[in-house]
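Owing to the predicted nature of the structure, the values given are computational and were not obtained by experimental measurement. We name chains A, B, ... by the order of the sequence lines, and we start the count at 1 in each one.
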Amino acid sequence: MTTEEGGSLDFIREIVERDIREGKHEGRVHTRFPPEPNGYLHIGHAKAICTDFGIAREYGGLCNLRFDDTNPVKEDVEYVESIKQDIRWLGYDWEDRLYFASDYFEQMYRYAEELIRKGVAYVCDLSPEEVRRYRGTLTEPGKDSPWRNRPMEENLDLFRRMRAGEFPDGSRTLRARIDMASPNINMRDPAIYRILRRSHHRTGDSWCIYPMYDYAHCLEDSIEGITHSFCSIEFEDHRPLYDWFLDRLGIFHPQQIEFARLNLTYTVMSKRKLGMLVEEGVVSGWDDPRMPTLSGLRRRGVKPEAIRDFVNRIGLAKRDSNVDMALLDYCIRDDLNRRCTRIMGVLDPLKVTIENYPEDGTEELEFINNPEDENAGTRMVPFSREIFIEREDFQEEPHRKFKRLAPGREVRLRYAYLIRCVDVEKDSDGRITGLVCTYDPGTRGGNAPDGRKVGATIHWVSAPHAVVADVRMYDRLFKVENPLAEEDLLSTINPDSFRIIEGCMLEPASAGAGNGYTVQFERKGYFCKDPDSTEARPVWNLTASLRDTWKRILDRE
RNA sequence: UGGCGGGUCGUCCAACGGUAGGACAACGGACUCUGGAUCCGUUUAUUGGGGUUCGAAUCCCUGCCCGCCAGCCA
C-alpha cells in the first residue's frame with residue numbers, strides 16, 4: 001500500500017520520491033505538522049500526523065511540530081500540552097524542532113513592510129461589512145477598494161501606526177494587492193493583517209495586529225525550510241495565494257500538496273461538533289472512550305500501533321471518502337489479539353456449585369497467558385467448589401444450535417475440568433439463581449482421558465477468589481453511518497452507546513493491572529483498566545468486543 | 001448557471017494505453033480447549049454518451065453527480 005516493495009505508492013509519496021530522484025532541494029525532505037492550539041487531536045489528525053511525520057521518517061527527512069497560533073481569540077496554552085502528548089503517544093518525535101508561528105511575528109511584520117514597499121500590499125480603511133460588499137460573489141467580480149491606490153509611503157506609515165496601536169480594532173487591515181476580479185475569491189485582495197487587541201498566549205500584549213493564515217502559513221513553511229507542505233483539500237484554492245506571497249517576496253518556496261481528510265462512519269470529526277457533544281453532556285469529556293479523539297481512543301484501550309496501521313490501510317488520495325468504522329475496529333482487534341494477556345472475566349455472573357468437589361477445596365490450574373505469543377508464558381488460576389460462569393452460557397431449553405451448557409449437558413471449563421449440569425436452582429419468580437454441576441476429576445486441565453468431546457469451552461471465575469469490578473460497555477456513538485447528513489445531530493446519538501455493568505467477576509490476576517492496561521476477557525473482548533478505578537472497585541472499559549459468531553447465527557434466524 | 005478539485009466492488013485504496021487487483025465488510029467451508037484467532041473459497045465495481053487506438057478505468061470531447069470557496073477563522 002505504501003513503501004513495501006511491490007506495493008504501489010500514494011500520489012504524495014510519488015511526488016516526494018520524484019523530488020528526491022530529481023534532486024529538488026538537494027534531495028531534502030522536511031515536513032511539518034501545524035496544528036492550531038484550539039482543541040484536542042482526533043483520529044483525523046492522526047492521518048495528518050502519520051503523513052507529515054511518517055513521510056519524513058520514511059525518506060530520512062525531518063518533521064517539525066509547529067503551532068499555528070496566529071489568532072489569539074481562539075487559542076490557548078491548555079491545548080499545546082495535550083497536542084504534544086498525543087503526538088508523542090502516537091509514536092512521533094519532533095526532537096528540538098518545536099516552533100510557534102508567533103515566534104515569527106517580527107519577521108512576518110518585516111516581510112509585510114517589504115510587500116508594501118514593493119507596491120503589492122496596502123492599508124485599507126474599509127469596515128468588515130464594506131469589505132464583504134466589495135468582495136463580490138461567486139459569480140460576480142469584486143470592486144476595488146477606494147484605498148487600493150494609496151501611495152506606498154502612506155501605506156508604510158499607516159501600517160506602522162497600526163502596529164503602534166493608533167487605530168481601533170477592525171478599523172483597518174493590511175491587504176494584498178492582487179485582483180478584485182479574480183474568479184478565485186481568495187485572490188480578491190485578501191487581508192494580511194488585522195487589528196486585534198487580544199492577549200496572545202505566548203506574546204502577551206506585545207502585538208495588536210495579527211497576521212492572517214494565508215499570509216502566515218507560507219512564511220512559516222518558508223522560514224523553516226519546509227520542502228513539502230501537506231494540508232487538506234479545502235486549502236487547494238488557497239495554494240495560488242500561498243505561492244503568490246512567496247513569489248513576491250522571492251524567498252524559499254515549499255510546495256503545498258493537498259490530500260483528503262479522514263471521515264469515519266458512525267462518528268463526526270469536527271472540533272466544533274465534538275465540542276458540542278462534550279458541552280451537551282452527551283459524552284463525559286474529550287477523552288470519553290466513545291470519542292474519536294486520540295485521548296478518547298487511548299482511554300478506550302486502543303494502542304498507537306493500531307492507529308498507525310489503520311492510517312496505512314486507508315491510503316492517501318484526494319477524493320472524499322467515508323471510511324468504514326469496521327476497518328478501525330479490525331485494526332484495533334488485530335493489534336490487541338497479538339499483544340493482550342487473556343484473563344477470565346464474567347460479566348453477567350451465574351453461580352455454579354460443583355457438588356462433588358471437596359467443600360473447602362482449592363487448587364491452582366495453569367493458564368496460557370496468550371496463545372498468540374509463546375513468550376507470554378503461563379500463570380496459575382485458583383479453582384474451587386463455587387464458581388461463576390456467564391449467564392448466557394447456560395440455556396435451560398437450549399436453542400438447536402446452542403452448544404454450551406444445558407441440563408444434563410457437559411462442557412469444558414477452560415483449562416480446568418469438564419462439568420455436567422445436574423440441577424437448576426430458581427427463585428420464587430422462576431428466575432435461575434444457580435446451577436448444580438458435577439465435575440470429572442479425571443479431566444483436570446480440560447481433557448478427558450477417554451477422549452470424549454464436548455460442544456463448548458466456557459470461561460469461569462472461582463467465586464471466593466473473584467475480584468468484583470464495574471465494566472463499561474461502549475458502542476458506536478451514532479446510530480447512522482453519516483451523522484452529518486442528518487438534520488439534527490443529537491437525535492442520531494446511539495442511546496445504547498454506553499452501558500455500565502456492575503458486579504462483574506474477574507479472576508484475581510486482574511487486580512495486578514495498572515490503569516491503561518488492556519487485556520482480553522476470554523470470549524468477550526478486549527478491556528482496558530480505567531483511571532476511574534479505585535482499590536475497592538476496579539473499572540474496565542470495553543475496547544473492542546470479540547467477533548461473535550453466535551450472535552450472527554441468532555441474527556440470521 | 002464563477003473558480004478549484006474529485007467520481008473504480010457495500011467501504012477504502014491500487015492498476016500511470018495491454019488479463020481491473022488488494023484490504024475491510026458480507027457469505028460459505030475447514031480447523032479449534034476462546035462460537036476468538038487462523039486458513040480456504042464465493043459474491044460484487046470502472047458515472048452516462050461520443051470519439052482516438054489493434055487495444056481505454058487510463059487520452060480527447062460532452063453530459064451527469066459529489067466536495068470545497070464569498071471570515072478582519074485555520
Side-chain angles (χ1 to χ4, degrees), chain A residues 1-2 7-10 14 34-36 38 68-71 73-75 124 126-128 131-132 135-142 169-175 182-188 190-196 209-210 212-214 216-217 231-240 258 260 265 271 313-331 333-334 337-338 342 344 368 371-372 401-404 411-416 418 445-447 453-459 481 520-525 545-553 556:
Chain A
M1 217 152 290
T2 51
S8 57
L9 294 174
D10 56 72
E14 250 171 38
E36 183 185 18
N38 72 341
D68 210 351
D69 56 350
T70 57
N71 185 359
V73 175
K74 301 168 86 175
E75 295 144 10
C124 179
L126 255 27
S127 70
V131 167
R132 194 167 59 76
R135 186 158 31 229
T137 69
L138 293 177
T139 51
E140 304 159 84
D169 285 8
S171 61
R172 282 177 229 253
T173 52
L174 181 71
R175 292 227 257 165
S182 173
N184 181 347
I185 292 183
N186 296 306
M187 301 299 271
R188 317 238 263 229
I192 301 176
Y193 272 92
R194 74 277 220 187
I195 303 173
L196 190 61
I209 56 172
Y210 291 95
M212 300 293 292
Y213 168 85
D214 285 308
H217 204 88
C231 62
S232 47
I233 285 290
E234 66 264 33
F235 292 103
E236 212 153 17
D237 286 357
H238 296 243
R239 194 174 60 229
E258 311 84 13
T265 56
K271 284 177 194 168
R313 285 169 185 269
I314 59 176
L316 209 46
K318 298 190 74 161
R319 69 185 86 103
D320 297 325
S321 66
N322 203 8
V323 176
D324 195 338
M325 182 70 89
L327 181 60
L328 210 213
D329 292 337
Y330 170 83
C331 293
R333 288 194 188 97
D334 188 50
N337 177 47
R338 277 175 296 197
R342 273 63 170 169
M344 300 288 157
I368 294 168
E372 305 292 323
K401 288 187 175 168
F402 186 76
K403 300 194 290 194
R404 287 108 89 178
V411 296
R412 175 187 295 109
L413 295 180
R414 175 142 239 224
Y415 298 131
L418 265 40
N447 284 311
K453 301 286 184 200
V454 289
T457 299
I458 64 173
H459 60 281
E481 266 197 21
Q520 183 194 105
F521 290 177
E522 289 223 21
R523 305 207 304 132
K524 300 309 288 184
S545 58
L546 253 23
R547 270 183 67 204
D548 191 345
T549 308
W550 172 242
K551 199 177 160 208
R552 278 157 210 266
I553 291 169
R556 250 176 273 141

When Pro183(A) and Arg552(A) are each assigned the nearest nucleotide of RNA chain B, the 5'-most assignment goes to Pro183(A)
Determine the Euclidean distance between corresponding P atoms of C72(B) and C65(B); express it in Å to zero decimal places.
32 Å
With a 4.0 Å cut-off on heavy atoms, is Asn38(A) in touch with a base, just the backbone sugar-phosphate, or nothing at all?
nothing
I'd like to know if Arg523(A) reaches the base of G35(B) with its side chain such that a donor and an acceptor end up less than 3.5 angstrom apart.
no
Given A37(B), G5(B), A74(B), identify the nucleotide with an atom nearest to the side chain of Asp68(A).
A74(B)
P atoms of G28(B) and A37(B), separation to the nearest Å:
15 Å
Base, sugar-phosphate, or nothing: which does Lys401(A) touch, judged by heavy atoms less than 4.0 Å apart?
base
Considering only atom P, compute the distance from A15(B) to G7(B) and round it to an integer number of Å.
12 Å
Remember a base hit wins even if backbone is also touched, and classify Arg319(A) as base, sugar-phosphate or nothing at under 4.0 Å, heavy atoms.
base
With rounding to whole Å, what would you report as the distance between U52(B) and C12(B) at their P atoms?
35 Å
So which nucleotide from U38(B), C12(B), G35(B) ends up closest to the side chain of Val323(A)?
C12(B)
With Ile192(A), the side chain to side chain contact (heavy atoms under 4.5 Å, CB included) member among Asp214(A), Thr173(A), Leu174(A), Ile209(A)
Leu174(A)
Could you check whether Leu327(A) gets within reach of a base, just the sugar-phosphate, or nothing at all, counting any heavy atom under 4.0 Å?
sugar-phosphate
For the side chain of Ala326(A), counting heavy atoms from C-beta on, which of G28(B), C72(B), C24(B) is nearest?
C24(B)
How long is the line joining NZ of Lys318(A) and C1' of C13(B), in whole Å?
16 Å
Between U53(B) and C60(B), how far apart are the C1' atoms? Round to whole Å, please.
12 Å
Could you tell me whether Glu14(A) contacts a base, only the sugar-phosphate backbone, or nothing, with contacts defined as non-hydrogen atoms closer than 4.0 Å?
base
Under 4.0 Å between a Lys/Arg side-chain N and an Asp/Glu carboxylate O for Arg552(A) and Asp548(A)?
no
Taking any heavy-atom pair under 4.0 Å as a contact, classify Glu36(A): base, sugar-phosphate, or nothing.
sugar-phosphate
Under 4.0 Å between a side-chain N/O of Thr265(A) and OP1 or OP2 of U11(B), yes or no?
no
Classify Pro371(A) by what it touches in the nucleic acid, base, sugar-phosphate, or nothing, heavy-atom distance under 4.0 Å.
base
G5(B) pairs with which nucleotide, Watson-Crick or G-U wobble, both distances below 3.5 Å?
C66(B)
Just checking Leu316(A): base, sugar-phosphate only, or nothing, at a heavy-atom cut-off of under 4.0 Å?
sugar-phosphate
Can you find a side chain N or O atom of Arg239(A) that sits less than 4.0 Å from OP1 or OP2 on C69(B)?
no
Arg342(A) versus Asn337(A), closest heavy-atom pair with distance:
NH2-OD1, 2.7 Å
So, under a plain 3.5 Å distance rule, would you say the side chain of Glu236(A) forms a donor-acceptor pair with the base of G3(B)?
no
Who pairs with G55(B) - Watson-Crick or G-U, where each distance is under 3.5 Å
none
Does the Asp324(A) side chain pair with the main chain of Thr265(A), one donor and one acceptor, at a distance under 3.5 Å?
no
Heavy-atom check, side chain of Asp320(A) versus side chain of Ile233(A), under 4.5 Å:
no
Say whether, by atom type as modelled, one donor and one acceptor occur between the side chain of Arg239(A) and the main chain of Phe235(A) under 3.5 angstrom.
no
Over all strands shown, is Glu140(A) touching base, sugar-phosphate only, or nothing at heavy-atom distances under 4.0 angstrom?
nothing
Would you kindly compare Glu234(A) and Arg135(A) by the position of their nearest RNA chain B nucleotide and give the one closer to the 5′ end?
Glu234(A)
If you compare every side-chain N and O of Arg194(A) against the phosphate oxygens of C73(B) (OP1, OP2), does one of them come in below 4.0 Å?
yes
For U34(B), take OP1 and OP2 only and decide whether either is under 4.0 Å from a side-chain N or O of Arg342(A).
no
From the list G5(B), G35(B), C4(B), which nucleotide is the closest neighbour of the side chain of Asp237(A)?
C4(B)
With rounding to whole Å, what would you report as the distance between A45(B) and U38(B) at their C1' atoms?
29 Å
d(CG, Asp548(A); C1', A37(B)) in whole Å
14 Å
Strictly by Watson-Crick or wobble contacts shorter than 3.5 Å, is anything paired with C24(B), and which nucleotide is it?
G10(B)
Between A74(B), U34(B), C72(B), spot the one nearest the side chain of Val131(A), thanks.
C72(B)
Please give me the minimum heavy-atom distance between Thr70(A) and Ala216(A), naming the atom from each residue.
CG2-CB, 3.8 Å
If I pick the P atom on A26(B) and the same atom on C16(B), what distance separates them, to the nearest angstrom?
31 Å
Tell me what Leu328(A) touches on the nucleic acid: a base, only sugar-phosphate, or nothing, going by heavy atoms under 4.0 Å.
nothing
Atom CZ of Arg333(A) and atom C1' of U34(B): how far apart are they, to the nearest Å?
14 Å
Look at all strands and tell whether His238(A) reaches a base, only sugar-phosphate, or nothing, counting heavy atoms closer than 4.0 Å.
base
Check every atom of U38(B), A23(B), G2(B) against the side chain of Leu138(A) and return the nucleotide holding the closest atom.
G2(B)
Quick check on side chain to side chain contact (heavy atoms under 4.5 Å, CB included): which of Lys524(A), Arg523(A), Glu522(A) does Met344(A) satisfy it with?
Glu522(A)
What is the distance, rounded to the nearest whole Å, between atom CG of Asn186(A) and atom P of C4(B)?
13 Å
Hey, does Asn71(A) reach any base, or is it just sugar-phosphate, or nothing, if we go heavy atoms under 4.0 Å?
sugar-phosphate
Does Arg188(A) reach the main-chain N or O of Arg135(A) with its side chain, forming a donor-acceptor pair under 3.5 Å?
yes
Checking C13(B), G35(B), G36(B) against the side chain of Ala317(A) (C-beta onward), the nearest is C13(B)
Gap in Å between the two P atoms, one belonging to C40(B) and one to C24(B), rounded
11 Å
What is the separation between atom CD on Glu372(A) and atom C1' on G36(B), rounded to the nearest whole Å?
9 Å
Rounded to whole Å, CG of Asn447(A) lies from P of U32(B) at a distance of 12 Å
Could you check whether Tyr330(A) gets within reach of a base, just the sugar-phosphate, or nothing at all, counting any heavy atom under 4.0 Å?
sugar-phosphate
Rounded off to whole Å, could you give me the OH-to-C1' distance for the Tyr213(A) and C72(B) pair?
17 Å
Hey, does the side chain of Ser321(A) come within less than 4.0 Å of U11(B)'s phosphate (OP1/OP2), counting only N and O?
no
Kindly say if Arg175(A) contacts the phosphate of C72(B), meaning a side-chain N or O under 4.0 Å from OP1 or OP2.
no
Reckon Phe235(A) touches a base, only the sugar-phosphate, or nothing at all at heavy-atom distances under 4.0 Å?
base
Any donor-acceptor pair under 3.5 Å from Ser232(A) side chain to Glu234(A) backbone
no
Quick one: which of G35(B), A74(B), A23(B) gets closest to the side chain of Thr549(A)?
G35(B)
Could you check G71(B) for me: syn (within 90° of 0) or anti?
syn
